[in-house]
Amino acid sequence: MPRGAFSDHSSPDMSLTAFSKRIALVDCNNFYVSCERVFQPDLQGVPVAVLSNNDGCIIARSNEVKALGVKMGVPYFQVRPLFERHHVRVFSSNFALYGDMSQRVMSTLARLSPDFEIYSIDECFLDMTGFGEPLEYAKEIRSTVKRWTGIGVSIGIGPSKTLAKVANKLAKKDQTGPGIRMLEPGDELEETLSALPVEGIWGIGKSLARRLKRRKIHSALNLRDASDRRITRILGALGQRIVYELRGISCLSLEEQPPAKQTICTSRSFARSVRTLEGLQEAISTFVSRAAEKLRSQGSAAGVLTVYIMTSHFGESSKYYNSLVLELPVPSCITHELLNYALIGLHRIYKKGYDYKKAGILLSNIVPSGSIQRDLFDRLGEPAGVSESPRRRGERLMKTLDRINTEFGSDTLIYASSDLRKGWRTVRGHQSPRFTTNWRELPLVKALLP
DNA sequence: TCTGGGGTCCTAGGACCC
DNA sequence: TCTGGGGTCCTAGGACCC
């Protein structure tokens, strides 16, 4: 069944007497902190926090730190005095380690259940439908993962992914409990849903919660019991799916084969600001080679490359943001080909005299690399079966580069994806650059298109 | 002084075709 | 003078997630 498709449900069973599925969500507890603790047992029982890149903000907290009221994502400097008072042990992030630990956890789970979907670095859905004693089995999973990897997990079980999420939340909340929770039809489920505000539901954020509350839908129970028509009017197709999931009718199937990425981005904030073009070139080169690796590892090639640079959003210093979208003549996953374009783009958007705080690239229009040949022939108008020699390919690319250099004039700018613009708009009183979102109109892109 | 990085899905509306 | 309507594809942007 495709993602988001409904099963047949002409009259949903509101009595919830018979759940047809059993889905478990296994979620690692305070994952990054747990990883650090595995290798440093003396961290057990003491407050621990993990920081983002450049030690900017808090991205993981042990229970002790959560108890201090420290929220996810707060800037480190704001809580520093508090941390010092409570002797919080603080770590810079080590994503290589976390990725490795994640793999160990996931392969352990894979041995325990045949049907699973890795949902994020620290979460995995398992299909337990038909398993005799789900709670017993969950206990087994929990202790095995702990024994083999040293990582503690919480497990929530429900008839749909959304309810498994809810159950998991409860399992986490109950710190002294077994770390396992199963939701079944009955009074307890009603109570749970009525105590859960809509923004606590998976898939409903701040904005949608506001929309719902304006219409007097405050709890998950309110939402579950609202009429289909009403929900569709307020939330569209997304809402329909959530409501069915809350009713215990599974609409989201397990994605066992992770689909190839549709976009790949690599970006970093700099620890110290960068002023020179050379400094940015160095960063961009690193980004491109990393992104190209990701592309190749999933057997893809990218047709469009965006490069962007920006100063800080914060503070009073003068601000600058710029980006450029480049369409490659042929989708590529070759580092030096991508790099040529990225560096040309960078050269166009770089302006002297600013303190750059962040840069990045985004690869999009990603296709399987197998189709590159065919696409190439289309563009060249050549019959399939006649391959282009490497030399000819090289000459063609060089010509394109020449054309860019001669034809592309002054850079009046520019393109920004919605994410980037959003960040920029938050800068108060700042004169926004001229944005366009139609990258086909950009002079450089026009120059590149045949 | 110091504020993360990497993704996905849905939808409205325009372009285009017949 | 009068100026259709339905279907499909694409894009930009909003919203969400960990």
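Sequence lines set the chain letters: A, B, ... in the order given, protein chains first and strands last, and positions in each chain run from 1. Small disclaimer: the values here were computed from a predicted structure and weren't measured.
- In this structure, A:Gln78 reaches neither bases nor backbone, as no heavy-atom distance under 4.0 Å exists between it and the strands shown.
- Residue-level contact check: A:Thr266 touches the backbone only, with heavy atoms under 4.0 Å from sugar-phosphate atoms and none from bases.
- Nucleic acid contact class of A:Ile121 (heavy atoms, under 4.0 Å, all strands): none.
- Aromatic stacking is marked for A:Phe314 over B:dT3, as both cut-offs hold: 5.5 Å for the centres and 30° for the planes.
- Within the 4.0 angstrom heavy-atom criterion, only backbone atoms of the sugar-phosphate kind lie near A:Tyr119; the bases stay farther away.
- Closest to the A:Ala237 side chain, of the nucleotides C:dC17, C:dA15, B:dC10, is B:dC10.
- At a threshold of 4.0 angstrom between heavy atoms, the contacts of A:Ile201 are confined to the sugar-phosphate backbone, with no base atom among them.
- Using a 4.0 Å heavy-atom distance criterion, A:Ile264 is classed as a sugar-phosphate-only contact.
- Picking from B:dG4, B:dG5, C:dA15 the nucleotide with the shortest atom distance to the side chain of A:Arg211 gives C:dA15.
- Of the N and O atoms on the side chains of A:Asn30 and A:Tyr32, not one donor lies less than 3.5 Å from an acceptor on the other residue.
- Toward the 5′ end of DNA chain B lies the nearest nucleotide of A:Lys358, the other residue of the pair A:Lys358 and A:Thr263 mapping further downstream.
- As a whole-Å value, the separation of A:Lys206 NZ from C:dC17 P is 11 Å.
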